[in-house]
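Keep in mind it's a predicted model, so treat the numbers as computed, not measured. Chain A is the first sequence line, chain B the second, and so forth, proteins listed ahead of strands; every chain is numbered from 1.
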2 protein chains.
Amino acid sequence: MSQSVNTLLRLRELILNGEVRPGERVSELSVSDRIGASRTPVRAALMRLADEGLLESLPGGGFAVRSFTERDIRDAIEVRGTLEGLTARIAAEHGVAEGTLADLRDTIARIDDLLGDDRGVEATFAEYVVLNEQFHTLLAEAADSPILAQSLGRAAALPFASPSGFLQAQSVLPEARLILTLAQEQHRAVVEAIANREGARAEALMREHARLARRNLELALRDRTILQHIPGGALIRRRQRT
Amino acid sequence: MSQSVNTLLRLRELILNGEVRPGERVSELSVSDRIGASRTPVRAALMRLADEGLLESLPGGGFAVRSFTERDIRDAIEVRGTLEGLTARIAAEHGVAEGTLADLRDTIARIDDLLGDDRGVEATFAEYVVLNEQFHTLLAEAADSPILAQSLGRAAALPFASPSGFLQAQSVLPEARLILTLAQEQHRAVVEAIANREGARAEALMREHARLARRNLELALRDRTILQHIPGGALIRRRQRT
DNA sequence: TGTATCCTTTATGTATACATACCATGCAGC
DNA sequence: GCTGCATGGTATGTATACATAAAGGATACA
């Protein structure tokens, strides 16, 4: 593995783990010392992470870990949901290969199996996160649009905008299973709308799906909890210490 | 001006001018020789342009000028229009300072003046492009959302997705004046919807505005014309040689 | 004691040297 | 004549040296 990629991955992990705090300056040299690469690949990684939105470039040069407000998080969901709505509509309008539809339906079916699993939601949750991520990835591929994939990829790169992030957040809610089932119904409806070439309906359903994610965030925020990055770019709810 | 910025601007211009053709490989050394900077700032510029979408990174390393299909262009309009719709909605929902509304209305009024100008559309077109760009910029600022601005900025960075690009394209259409007037009505309606805190209506109007841009593109494509980059990231229609 | 200035330190920006990998070309052998 | 291997050139990846600018601290003067 190249030093650039290695540095990128490790530095991203450090940020998401909170080992470098929001607002904190990230100098090339400090990363260079910590990771063990020279300044050149470190610089590449810093620029890349700034593009992703995890770092912000300072006026005088250099970078700092970006801090996000609740408003930012809400907006990130809106953006992602809106673009996923467009993705669904374009997929429906252009038509999707039968194989892709089969993959989507298969993913949904495997989630159904997981929901019926004896072990319960908590035990199977990690698998659910992977499968859900797969569903969203398949949907993005179904639209078969590099331009859209680029925009959506950037929007989803924000840690709290990813499905896995929100599913993690949902996992500890009492009504987790209900929410997962609701999401399943939405997934199913979107796929059928795409199969039936109903663009407007597919878009509306996908945006409704995003509204669910937003509602869950509202719950998490209202319940006196704090949001914290965890590895993989997800969020967890944790009761705030008094 | 730093070498990095200088290299970025000049290289972007070279690409938009078509002096390096789509698909052509852009090596660090060739740019370094051409611009006069060392490989380090050139590399930074290349990575940046790849993020923008003007270059694509090759599997074996290095970069090439990205080529866009008609489908890509259509999708870019959709993405931009969709995100601008979200921008309008968020601005309406959160409320906009009276000063910003005044700025928006003032921009519209100045465009009205231009439309009533004796010199005609052709002569005043350059000013119109600037003012229209300003309108869209003000709208993005009105939403006051860094996250949304980031996504929208990326989507609008694609040369043919910018309002100026499409206005250039519209300029040579027979019905240019009609289209400009229609856009004015849409601009006005969006601003009033935002002022009245009608989020859904603001979003719908903005998306309709994007539909106009798309329709103009369809006209350009159907009329056996080719699309070509010109400096400033715009498109021009030019009758295809037989 | 406070403020201003200068110096030192540390950061980034830049250039370049070096290593490595890939591709193309040429030569030799079959 | 074709194929395979070797060699060279050119590309990127990486490391590092050097320049410059900004920030912080210390010292001197008011």
Side-chain angles (χ1 to χ4, degrees), chain A residues 1-15 17-67 146 150 153 157, chain B residues 1-15 17-67 146 150 153 157:
Chain A
M1 180 183 295
S2 72
Q3 288 287 57
S4 298
V5 175
N6 179 37
T7 304
L8 179 66
L9 295 178
R10 289 187 60 185
L11 186 53
R12 187 190 284 135
E13 195 183 327
L14 285 177
I15 295 170
N17 271 325
E19 296 187 42
V20 281
R21 305 209 154 275
E24 189 177 335
R25 183 168 191 151
V26 182
S27 75
E28 296 176 6
L29 216 63
S30 64
V31 177
S32 180
D33 288 343
R34 194 157 182 171
I35 306 288
S38 77
R39 278 179 55 208
T40 307
V42 167
R43 206 176 155 75
L46 289 173
M47 288 192 288
R48 181 75 176 266
L49 289 171
D51 277 313
E52 276 184 24
L54 252 57
L55 296 176
E56 57 185 349
S57 66
L58 301 175
F63 301 91
V65 177
R66 183 164 169 190
S67 60
Q150 179 182 336
Chain B
M1 179 183 293
S2 71
Q3 286 289 57
S4 300
V5 175
N6 180 36
T7 304
L8 179 66
L9 295 179
R10 289 188 59 183
L11 186 53
R12 188 189 284 134
E13 196 183 325
L14 285 177
I15 295 170
N17 271 326
E19 297 188 40
V20 280
R21 305 210 154 276
E24 189 177 333
R25 183 167 191 151
V26 182
S27 76
E28 295 177 7
L29 217 61
S30 64
V31 177
S32 181
D33 288 342
R34 193 156 184 173
I35 306 287
S38 77
R39 277 180 55 209
T40 307
V42 168
R43 205 177 155 73
L46 289 173
M47 288 192 288
R48 181 75 177 266
L49 288 171
D51 277 313
E52 278 185 23
L54 253 56
L55 295 176
E56 59 185 349
S57 65
L58 301 175
F63 300 91
V65 178
R66 183 163 167 190
S67 59
Q150 179 182 335

For [X] and [Y], indicate whether the former's side chain and the latter's backbone hold a donor-acceptor pair under 3.5 Å.
| X | Y | result |
| --- | --- | --- |
| S32(A) | A37(A) | yes |
| E24(A) | R21(A) | yes |
| T7(B) | Q3(B) | yes |

[atom1] of [X] versus [atom2] of [N]: gap in Å, rounded?
| X | N | atom1 | atom2 | answer |
| --- | --- | --- | --- | --- |
| Q3(A) | dA19(C) | CD | P | 17 Å |
| I35(A) | dT14(D) | CD1 | C1' | 16 Å |
| E28(B) | dG13(D) | CD | P | 6 Å |
| L58(A) | dT10(C) | CG | P | 19 Å |
| M47(A) | dT14(C) | CE | P | 11 Å |
| R39(B) | dC18(C) | CZ | P | 14 Å |

Exercise. How would you label the contact of S2(A) with the nucleic acid (heavy atoms, under 4.0 Å): base, sugar-phosphate, or nothing?
Worked result: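 Sugar-phosphate contact only - S2(A) comes under 4.0 Å of backbone atoms but never of a base.
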For this session: Indicate, yes or no, whether a donor-acceptor pair under 3.5 Å links the base of dA15(C) to the side chain of T40(B).
Result: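 Between dA15(C) and T40(B), which were checked side chain against base, a qualifying N/O pair under 3.5 Å is present.
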Problem set entry | dG13(C) base / R43(A) side chain donor-acceptor hit below 3.5 Å |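 For R43(A), whose side chain was compared with the base of dG13(C), there is no donor-acceptor pair (under 3.5 Å).
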